[in-house]
Amino acid sequence: MPLTPDSHEQYTIRKSQDLLKIGLILPNQVAEIDQVNACFSMAVTPDIMALIDLSNPNDAIARQFIPNTRELQIQAEELADPIGDAPHTPVKGITHRYPDRVLLKPVHVCPVYCRFCFRREVVGNHGEGLSPDELEAALSYIRTHPEIWEVILTGGDPLILSKAKLSQIIQALDQIDHLDVIRIHTRVLVVDPSRIDGEIAQILRVSKPVYVVLHTNHPQEFSDAARRACATLVDAGIPMLSQTVLLKGINDSPEILTQLFRTLIRNRIKPYYLHHADLAKGTSHFRTTIQEGQTLLRALRGRVSGICQPTYVLDIPGGYGKVPIGPQYLQAKEGDNFYVEDPWSEVHVYPPLQ
Ligand SMILES: *Cc1c(COP(=O)(O)O)cnc(C)c1O
Ligand code: SF4
């Protein structure tokens with residue numbers, strides 16, 4: 001599948017030796033980083049590199065993209081297919097888990113490789129995109145399933161496709177009568193913002209609404225270029241939502257999450273999902289507990305504007321779907337009365353007792 005030739009592509013860092021040159025790793029780490037790279041792809045774009053604070057060993061950007069030997073520690077509960085895409089794949093490139101919507105995955109590459117990627121076993125430099133025939137078969141599956149209301153382009157990152165290919169796919173989807181909505185899941189706007197221009201915005205302006213959902217995990221990802229890329233799409237009338245992965249040591253504090261969600265709203269992007277980190281292989285150092293996640297969300301409710309609040313979700317391993325996992329404010333029921341907790345942890349009876 002043709003990708004957009006990016007003028008920056010030659011500067012994307014893909015080797016341990018390049019990390020060494022920049023000073024992100026020490027000479028004695030090269031061999032172990034090579035070991036990690038043999039298992040999971042690495043790519044760091046110049047835009048992301050520029051956001052790393054080299055003096056901070058816990059930099060939130062570096063931790064997301066620079067390989068770490070902790071990735072070689074695979075836990076017993078970790079899975080090659082953590083969210084169970086495989087059992088719901090009727091044809092190559094399609095995941096059909098919910099009746100009214102499918103994932104369409106034309107590419108298996110991304111401009112960067114997140115170290116906690118939930119599809120890290122299939123996404124990467126080794127991955128193969130769909131051939132033209134396979135893409136046609138995937139589109140044909142969508143055409144012949146009238147119950148499909150929405151198509152979600154994901155992957156890999158669909159906005160890495162060449163403009164001609166992206167346009168061809170969007171046009172083909174736009175012509176399917178029973179489809180109402182096209183959604184694109186991408187990280188390009190923050191990790192490689194120069195790919196977004198007026199032409200991309202025009203490609204996404206078809207007769208059906210195209211929603212763009214941005215994967216972003218930290219306010220530091222919003223460079224001036226990233227903000228401009230988001231504005232280019234929103235100004236063109238493309239609604240934007242976000243998804244964030246809850247990551248230990250990166251964004252698991254009320255302050256960082258507040259900053260992130262406020263930054264999103266300021267950029268006209270509605271926080272949609274906060275994902276509990278999936279059980280992808282070698283990612284245990286990134287996972288919080290569900291209780292920690294619930295405590296964080298409790299800290300935001302009531303104190304931060306309601307439009308800044310995403311839904312905290314778990315993708316149940318095995319392909320059983322995403323569900324909200326709290327926190328829960330409605331407590332036990334007694335007769336016709338509920339007990340409900342307010343944002344300041346006080347419990348009230350509903351309806352109020354006479
Ligand atoms: C996440 C996901 C979707 C989209 O779910 P929403 O709750 O609509 O955002 C659709 N299909 C699959 C297989 C998914 O994993
Ligand atoms: S952008 Fe998404 S698909 Fe690509 S590496 Fe990151 S989490 Fe995985």
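When reading the values below, keep in mind they use all heavy atoms of this one structure, side chains included, and skip hydrogens, waters and symmetry mates. Order of listing sets the numbers, starting from 1, for every ligand and every atom in it. Along the sequence shown, the residues carry numbers beginning at 1.
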Task: Geometric N/O contact Glu150 with ligand 1, under 3.5 angstrom - done: no
Open item on the list: Strictly below 4.0 Å, N to O, side chains only: are Lys163 and Asp197 in salt-bridge contact?
Closed with: yes
Open item on the list: I'd like to know if Glu292 and Lys248 make a salt bridge, using a cut-off of under 4.0 Å between side-chain N and carboxylate O.
Closed with: no
Task: Under-4.0 Å heavy-atom contact with ligand 1, by part of His96 that carries it - done: neither
Task: Atoms of ligand 2, numbered as shown, that sit under 4.0 Å from any heavy atom of Cys110 - done: 1 (S), 3 (S), 4 (Fe), 5 (S)
- [ ] Give yes if a backbone or side-chain nitrogen or oxygen of Arg183 is under 3.5 Å from a nitrogen or oxygen of ligand 1, and no if not.
- [x] yes
TODO: May I ask you to identify, for Ile152, whether its side chain, its backbone, both or neither come under 4.0 Å of ligand 1 on a heavy-atom basis?
DONE: side chain
Open item on the list: Below the 3.5 angstrom mark, is there an N/O of Asp85, backbone or side chain, next to an N/O of ligand 1?
Closed with: no
Open item on the list: Taking 4.0 Å as the limit for heavy-atom contacts, which would you say applies to His88 with ligand 1: side chain only, backbone only, both, or neither?
Closed with: neither
Task: Side-chain ion pair, Arg187 and Asp157, N-O less than 4.0 Å - done: no
Open item on the list: Return the closest protein heavy atom for atom 1 (S) of ligand 2 as residue, atom name and distance.
Closed with: Arg187 CD, 3.5 Å
Open item on the list: Please report whether ligand 1 has a polar contact with Tyr98, defined as an N or O pair separated by less than 3.5 Å (distance criterion only).
Closed with: no
Task: Sidechain-backbone polar pair: Lys281 side chain, Gln73 backbone, donor-acceptor under 3.5 Å - done: no
Open item on the list: With the threshold set at under 4.0 angstrom, would you say His215 reaches ligand 2 through any of its heavy atoms?
Closed with: yes
Task: Salt bridge Arg287-Glu78, side-chain N to carboxylate O under 4.0 Å - done: yes
Open item on the list: Would Tyr272 count as being in polar contact with ligand 1, using the rule that some N or O on each side must be under 3.5 angstrom apart?
Closed with: yes
Task: For Thr95, the option from Arg101, Lys105, His88 that meets side-chain hydrogen bond (donor to acceptor under 3.5 Å, both in side chains) - done: Lys105
Open item on the list: Using 2.8 Å as the threshold, say whether any N, O or S atom from Cys114 sits that close to atom 6 (Fe) of ligand 2.
Closed with: yes
- [ ] Indicate if the distance from atom 8 (Fe) of ligand 2 to the nearest N, O or S atom of Cys117 falls below 2.8 Å.
- [x] yes
